[in-house]
4 protein chains.
Amino acid sequence: MVGESGRARRERRGERRREEILSAAARVFAAKGYHGATTREIAEAADVAEGTIFNYFPTKRDLLVALFERGADRMLAVALQYDDALPVAEALTDRLATVLGFYARNRVYIRAIAAEAWTDPQLLETYVLPRLQRVAGALSEFLRARISAGHLRPFDCDLGARLLMGMVAALMLPIVRGTQEPPGVAERRRLAASVVDLFLRGVAASAGG
Amino acid sequence: MVGESGRARRERRGERRREEILSAAARVFAAKGYHGATTREIAEAADVAEGTIFNYFPTKRDLLVALFERGADRMLAVALQYDDALPVAEALTDRLATVLGFYARNRVYIRAIAAEAWTDPQLLETYVLPRLQRVAGALSEFLRARISAGHLRPFDCDLGARLLMGMVAALMLPIVRGTQEPPGVAERRRLAASVVDLFLRGVAASAGG
Amino acid sequence: MVGESGRARRERRGERRREEILSAAARVFAAKGYHGATTREIAEAADVAEGTIFNYFPTKRDLLVALFERGADRMLAVALQYDDALPVAEALTDRLATVLGFYARNRVYIRAIAAEAWTDPQLLETYVLPRLQRVAGALSEFLRARISAGHLRPFDCDLGARLLMGMVAALMLPIVRGTQEPPGVAERRRLAASVVDLFLRGVAASAGG
Amino acid sequence: MVGESGRARRERRGERRREEILSAAARVFAAKGYHGATTREIAEAADVAEGTIFNYFPTKRDLLVALFERGADRMLAVALQYDDALPVAEALTDRLATVLGFYARNRVYIRAIAAEAWTDPQLLETYVLPRLQRVAGALSEFLRARISAGHLRPFDCDLGARLLMGMVAALMLPIVRGTQEPPGVAERRRLAASVVDLFLRGVAASAGG
DNA sequence: CATGAATGAGTCTTCATTCAT
DNA sequence: GATGAATGAAGACTCATTCAT
């Protein structure tokens, strides 16, 4: 029964080490930006020697890439599924509240990678744009289905999806940026509901605008 | 009696040179990010010697700061004035179309500074946040006034302003980022109108959700 | 059980490396002056990479400061103790010969730092003046005691101390500067004796002027 | 009678300009050292444009050389002539007091060039050493003559001359360095007399030491 | 001759990456 | 695998010097 011991245990320890380093990198990147962060600082934050980082990630940039990889698909899992059984308002509110929760929990990661995604076309095209398009596509699809079902009036669904995503982003910006405390679950639901309400009813006075 | 002899001419040339360098910096920052850009590249882009840059800007960072300063107040001029004489829809559409135009024309500058505004708290707090707050405040004020006038139903105007700004940002993001061509004036007006329409009427079917 | 495993050995090597760099710096400073010396030259003289210097000294100036620190207290140890049991002439000769020896052995260091001490008020005030004052004070004290004991006629001891130090400096200047070979131990003793003889007896003919 | 006007006046004006620049350079070198001084600072201190300096001195270093040249021979004029008609004590005191006066008046120049003379072998060998040797030689000669005349007991005159010069240097160091106020004429005479007194009589108690 | 903007070689310093232990 | 000292390429910035005006 020496069984898993040797190799497996070592592998798990290695995996844990890798995670520690990556999460240390996220914290340091979030605080100082990718360029402002030094591998020495990351090593200190991860409580390992500087050289150890390079046993797990060939270059500093690979830390960034790994953060993108890790984050990208987590987001998809959260942002794609709409519940077709629920009324529009609730289905949307549900999804938005969940997305807000994702942002809130991962705000450090997101802060860490956002500036680089902006600057680095390679990262943008490989990791960010495809995901955003899938998220937008799913949302657009949902809206289209609800129009067909008569739950929504006809409108440009692609544009609508983009605008909804913009609204969510606007809400999360200060939280991700760190200038505002992350909202609790109830607050998130309330925010999501407000957005959905506005999106559905508009703000015009009863009889038009 | 040569007219504006020496001094004045030289000063104007200096001013022009300063502008050339600054605009070269904007282009290089936009392309490679602040950290990715070297002073040598900027000098090449401006077609001057590396040292010349430092005759006009004490440090590389001052190039960035100058870009922020130049951009910040231009934006305010554009985003603050709402026409109280027009109907809500038109007043908003007007403003939004103008803002979209500003983004489109200044997309290179904005691309250049955005990543650093995200990363650098000093720049964020000095240049970006105050302006965003004033823009949001003016919009919020406008909405509040229109509620009082009975043109809009009562709702949380601060939130509404934020969401509107988020929608505009969502529209401009790909253009500023350079992944999409800037829209012409007609297209901008159409986009603005769509946003305003959605904002005012909502997307719900008939008169409910 | 390899004894003083890893850590200790590495620390000692680091200490040695530090010394190598510092002594290389002293040689280059002595040859070209602080400003004339480049970190590249120092690195070459120490046979390390340029960056290695900065693992041991945060800035080039810290090399200079370290040289001052190292030299300053060594000098005090040598210049302060007078033997009260000996006759004046011998006590003084002893001390002077020892000081000459110190200068001769440390001439490279002294040459390295002298110009900067002259130029840099911070270094002068922190390292040089306090030590010179202590040396002068001790010498002055010694003279005063010997006057009380009747071994010397009454005179201004502070002035006398200063003049004695000037004489010693005058002797060592060409040696420190490198335009003259350093004297051996016998020669140093002879020089010291000559200075003391002149200082005690004067040069006037017979018993007057 | 347009006489001297043209060329001569211009030449005199040029000469004056040259002097202004040189004296500005001396002040700035004295304050910051040769390397610490920039041509821009010198230009400001001389109230001319930076380029103007180079109309008078081909390189920055030539400013330094000019300072050496100007100073060197002035010193010789002062330090060489001994009055053979006076008693030893008075002849020496006279000379020393005059030299002290020279140091005091020219302390800024001397401070400016001292560090560089120390560092730069070329300057040292061309300007400083030859002059020092001539000064020492003259002093030595004077002493030798007075020994022959029976005014002084026989001793090593070269050594004696060097020691005397060391004593004078020791007195002037703090004044040249700027840490002590320059002495007035009376004080200088008193100091010179003290030095000479000590040099002639020594400090031993009446009957030996 | 005076001016001062332009020049670019030369410096110190940083930091990702390597590798001997 | 872990360590951290060594490496050296690369970058921001300085400043003596030039030269068009």
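All chains are named by letter (A, B, ...) in the order of the sequence lines, taking the proteins before the strands, and each is independently numbered beginning at 1.
Checking F:dG11, E:dA6, F:dA6 against every side-chain atom of B:Y56, the shortest atom distance belongs to E:dA6. Comparing atom distances between the D:T38 side chain and each of E:dT13, E:dC15, F:dA16 picks out F:dA16 as nearest. Listed nucleotides: E:dT13, E:dA16, F:dA12. Nearest to the side chain of B:T39: F:dA12. Taking every side-chain heavy atom of A:E50 into account, E:dT17 is the closest of E:dT17, F:dA2, E:dT13. Here the nucleotide nearest the side chain of A:K60, chosen from F:dT17, F:dC15, E:dT17, is E:dT17.
Across the interface with DNA chain F, nearest-nucleotide mapping of B:P58 and B:R13 shows B:P58 to be the residue nearer the 5′ end. Between B:V48 and C:T59, it is B:V48 whose nearest contact on DNA chain E lies nearer the 5' terminus. Between B:H35 and A:A49, the residue anchored nearer the 5' end of DNA chain F, judged by the nucleotide with its closest heavy atom, is A:A49. The 5' end of DNA chain E is approached more closely, in terms of each residue's nearest nucleotide, by A:G36 than by the other of A:G51 and A:G36.
Contacts of C:A46 with the nucleic acid, taken as non-hydrogen atoms under 4.0 Å apart, are absent. Here A:T52 lies in heavy-atom contact (under 4.0 Å) with a base. As judged by a 4.0 angstrom heavy-atom cut-off over every strand, B:A43 is placed among residues making no nucleic acid contact. No engagement by D:F57 is indicated, since no non-hydrogen atom pair under 4.0 Å with the nucleic acid exists.
Under a cutoff of 6.0 Å and an axis angle of 45°, B:K60 and B:Y34 form a cation-pi pair.
You'll find the side chain of C:Q122 reaches within 4.5 Å of the side chain of C:R61, heavy atoms only. Side-chain atoms of D:L67 and D:L22, non-hydrogen and from C-beta on, do get closer than 4.5 Å to each other.
What separates CD1 of D:I53 from P of F:dT18 is a distance of 13 Å, to the nearest Å. Following rounding to the nearest Å, D:Y34 (OH) and F:dC15 (C1') show an atom-to-atom distance of 12 Å. Residue C:I21 contributes atom CD1, which lies 9 Å from atom P of F:dT7 at whole-angstrom precision. Computed from coordinates, the B:F54 CZ to E:dA9 C1' distance equals 14 Å when rounded to whole Å. If you measure from atom CG of A:L64 to atom C1' of E:dA16, you get 14 Å, rounded to the nearest angstrom. The nearest whole Å value for the distance from the CZ atom in B:R40 to the P atom in E:dG10 is 13 Å. Across the protein-nucleic acid pair, A:I42 atom CD1 and E:dC15 atom P stand 12 Å apart, rounded to whole Å. The CD atom of B:E44 sits 13 Å away from the C1' atom of E:dG8 (whole-angstrom rounding).
The partner of E:dA20 is F:dT3, judged by Watson-Crick or G-U wobble contacts that both fall below 3.5 Å.
A sub-4.0 Å separation between OP1 or OP2 of F:dG1 and a side-chain N or O of A:N55 is absent.
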Q: Apply salt bridge (charged side-chain N to carboxylate O under 4.0 Å, His left out) to B:E20 and B:R17, showing your working.
A: CA-CA 5 Å; B:E20 283 165 9; B:R17 195 46 82 87; 3.5 Å; yes

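The shortest heavy-atom contact between A:A115 and B:T119 is CB-OG1, 3.5 Å.
One finds no salt bridge joining C:R16 and C:E19 here, because no Lys/Arg side-chain nitrogen approaches an Asp/Glu carboxylate oxygen to under 4.0 Å.
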